[in-house]
Amino acid sequence: MPRLSEVIAALENLWPAQRAESWDAVGTVVGDPDQEVGRVLFAVDPVQEIVDEAVKLGAGLLVTHHPLYLRGTTTVAASTFKGRVVHTLIKNDIALHVAHTNADTADPGVSDALAGALDLRVLRPLVPDATDPQGRRGLGRVCEPDHPLTVRELAERAARCLPATAQGIRVAGDPEAVVRTVAVSGGSGDSLFDDVRAAGADAFLTADLRHHPASEARAHSPLALLDAAHWATEWPWCELAAAQLDEISDRHGWDLRVHVSKTVTDPWTAHAASTATTSPSGAPN
């Protein structure tokens with residue numbers, strides 16, 4: 001079996017820490033570089049439920065997309081929920097490694113996996129990485145379907161192909177509008193509207209769209225918006241990343257067992273469709 005340091009070196013080659021945003025917290029959070037690793041678990045969120053799954057699996061390494069301590073901390077006391085995660089990991093000899101914005105902009109990266117899940121052909125990055133002479137790295141992707149779709153059909157495809165969540169897919173725009181070019185961005189994407197319009201996309205599929213940015217984007221152009229759950233847009237990357245590590249393991253003769261968690265860690269657990277037949281009067285802004 002490989003040592004943790006060898007596996008981490010392979011992961012750093014896929015997603016170099018220096019390509020993460022300056023505000024991000026990526027890399028190895030917990031782990032002894034000399035420990036041996038036989039099983040690896042990939043997941044979106046480093047929450048207790050996922051850590052317990054790693055313990056049950058007998059994993060020696062947990063790789064997550066989201067950081068455990070994005071804004072730093074002054075304590076890892078087990079009386080805090082993040083501290084309990086750290087204690088559980090250490091007690092069970094499980095390392096934790098994070099690939100966040102460095103995985104977002106990688107080639108292939110989070111949005112490539114999202115496009116693949118939706119059966120869309122990637123044309124180019126939505127926001128190219130200026131340091132990549134080949135023009136393949138960057139944030140988001142501009143894509144096209146194999147044939148034109150309506151907004152409704154694209155939303156139905158997303159609802160069918162992405163992991164099921166309580167939110168499902170929200171749509172802003174004409175459901176019958178024709179979509180020939182789609183911009184996608186895993187995770188929160190409402191800071192990218194200018195880039196999406198510049199790309200000439202007919203629709204933009206992302207997550208965490210807020211009221212005012214979405215409203216202003218719709219007033220600005222006919223761009224259709226498809227808002228999926230944050231977790232659902234990033235989970236396909238776990239399968240992509242696991243396949244990449246599998247290939248590296250085969251090449252090095254490591255015989256790693258690589259797994260992807262199917263545990264839904266989206267925080268929303270239920271959805272009730274609106275049934276009101278009249279508009280409320282005097283509603284606050």
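These values consider heavy atoms only, across backbone and side chains, with no hydrogens, waters or symmetry-generated copies.
A donor-acceptor pair under 3.5 Å is absent between the side-chain atoms of R251 and the main chain of D246, judged by distance alone. Panel note: side chain R157, backbone L118; a donor-acceptor pair is recorded below 3.5 Å. Side-chain atoms of H66 never come within 3.5 Å of backbone atoms of V98 as a donor-acceptor pair (strictly under, hydrogens ignored). With E239 contributing its side chain and A117 its backbone, the two residues share no donor-acceptor pair below 3.5 Å. Of the possible donor and acceptor atoms, none in the side chain of R84 sits under 3.5 Å from a partner among the backbone N and O of T88. Counting only distance, with no hydrogens or angles, the side chain of K82 and the backbone of L68 share a donor-acceptor pair below 3.5 Å. The backbone N or O of I94 lies less than 3.5 Å from no partner atom in the side chain of N92, so there is not a single donor-acceptor pair. Using a distance-only test at 3.5 Å, with no hydrogens or angles considered, a donor-acceptor pair links the side chain of Q35 to the main chain of D32. Here the side chain of S111 pairs a donor or acceptor atom with the backbone of G186 at under 3.5 angstrom. Here the side chain of T206 pairs a donor or acceptor atom with the backbone of S185 at under 3.5 angstrom.
The nearest pair of heavy atoms linking P213 to F193 is O-CE1, 3.4 Å. Taking all atoms of both residues into account, the shortest heavy-atom contact from V51 to V85 is CG2-CG1, 3.7 Å.
Counting non-hydrogen atoms of other residues, nucleotides and ligands closer than 6.0 Å to CD of Q134 gives a total of 12 or fewer. Atom NE2 of H147 has more than 12 neighbouring heavy atoms from other residues, nucleotides or ligands inside a 6.0 Å radius. The 12-atom threshold is not exceeded at CZ of R210, counting heavy atoms of other residues, nucleotides or ligands nearer than 6.0 Å. No more than 12 heavy-atom neighbours from other residues, nucleotides or ligands sit within 6.0 angstrom of CZ on R136. The environment of NE2 in H220 is sparse: at most 12 heavy-atom neighbours from other residues, nucleotides or ligands sit within 6.0 Å. R257 CZ: 12 or fewer foreign heavy atoms inside a 6.0 Å radius.
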| Residue pair D24, T101: steps toward the side-chain hydrogen bond (donor to acceptor under 3.5 Å, both in side chains) verdict | CA-CA 7 Å; D24 206 358; T101 53; 2.6 Å; yes
| message | Pair H230, E234 - check side-chain hydrogen bond (donor to acceptor under 3.5 Å, both in side chains), show working. | response | CA-CA 7 Å; H230 189 121; E234 294 180 330; 3.0 Å; yes
| query | Should T181 and E144 be marked as a side-chain hydrogen bond (donor to acceptor under 3.5 Å, both in side chains) after you check the CA-CA gap, both sets of side-chain angles, and the distance that decides it? | reply | CA-CA 5 Å; T181 305; E144 63 181 12; 5.6 Å; no
| field | Check against side-chain hydrogen bond (donor to acceptor under 3.5 Å, both in side chains), T150 and E176 | value | CA-CA 5 Å; T150 65; E176 304 310 318; 4.6 Å; no
| message | Determine whether H100 and W15 satisfy the following criterion, side-chain contact (heavy atoms from CB on, under 4.5 Å), listing intermediate values before the conclusion. | response | CA-CA 9 Å; H100 192 210; W15 316 299; over 6 Å; no
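A donor atom on one side chain and an acceptor atom on the other are not found under 3.5 Å apart for E49 and T265.
Note on I50: it clusters hydrophobically with V86, by side-chain heavy-atom contacts below 4.5 Å among ILVMFWY residues. Residues I90 and V37 fall into different hydrophobic clusters, defined by Ile, Leu, Val, Met, Phe, Trp and Tyr side chains chained together at heavy-atom separations under 4.5 Å.
A salt bridge links D34 to R3: one of the charged nitrogens lies within less than 4.0 Å of a carboxylate oxygen. Taking the charged nitrogens against the carboxylate oxygens, E156 and R152 have no contact shorter than 4.0 Å, which rules out a salt bridge. Under 4.0 Å is where a charged nitrogen must lie from a carboxylate oxygen, and between D146 and R121 no such pair does.
Between the CZ atom of R39 and the CG atom of L256 there is a distance of 10.5 Å, given to the nearest 0.5 Å.
Screening L89, V7, V30 against L61 for a side-chain contact (heavy atoms from CB on, under 4.5 Å) leaves a single residue, V7. Here the options are V258, I8, L11, the test is side-chain contact (heavy atoms from CB on, under 4.5 Å), and the partner is V63; only L11 passes. The side-chain contact (heavy atoms from CB on, under 4.5 Å) test with D104 is passed by exactly one of R137, H65, R19: H65.
For W268 and W231, the distance between ring centers is not under 6.0 angstrom.
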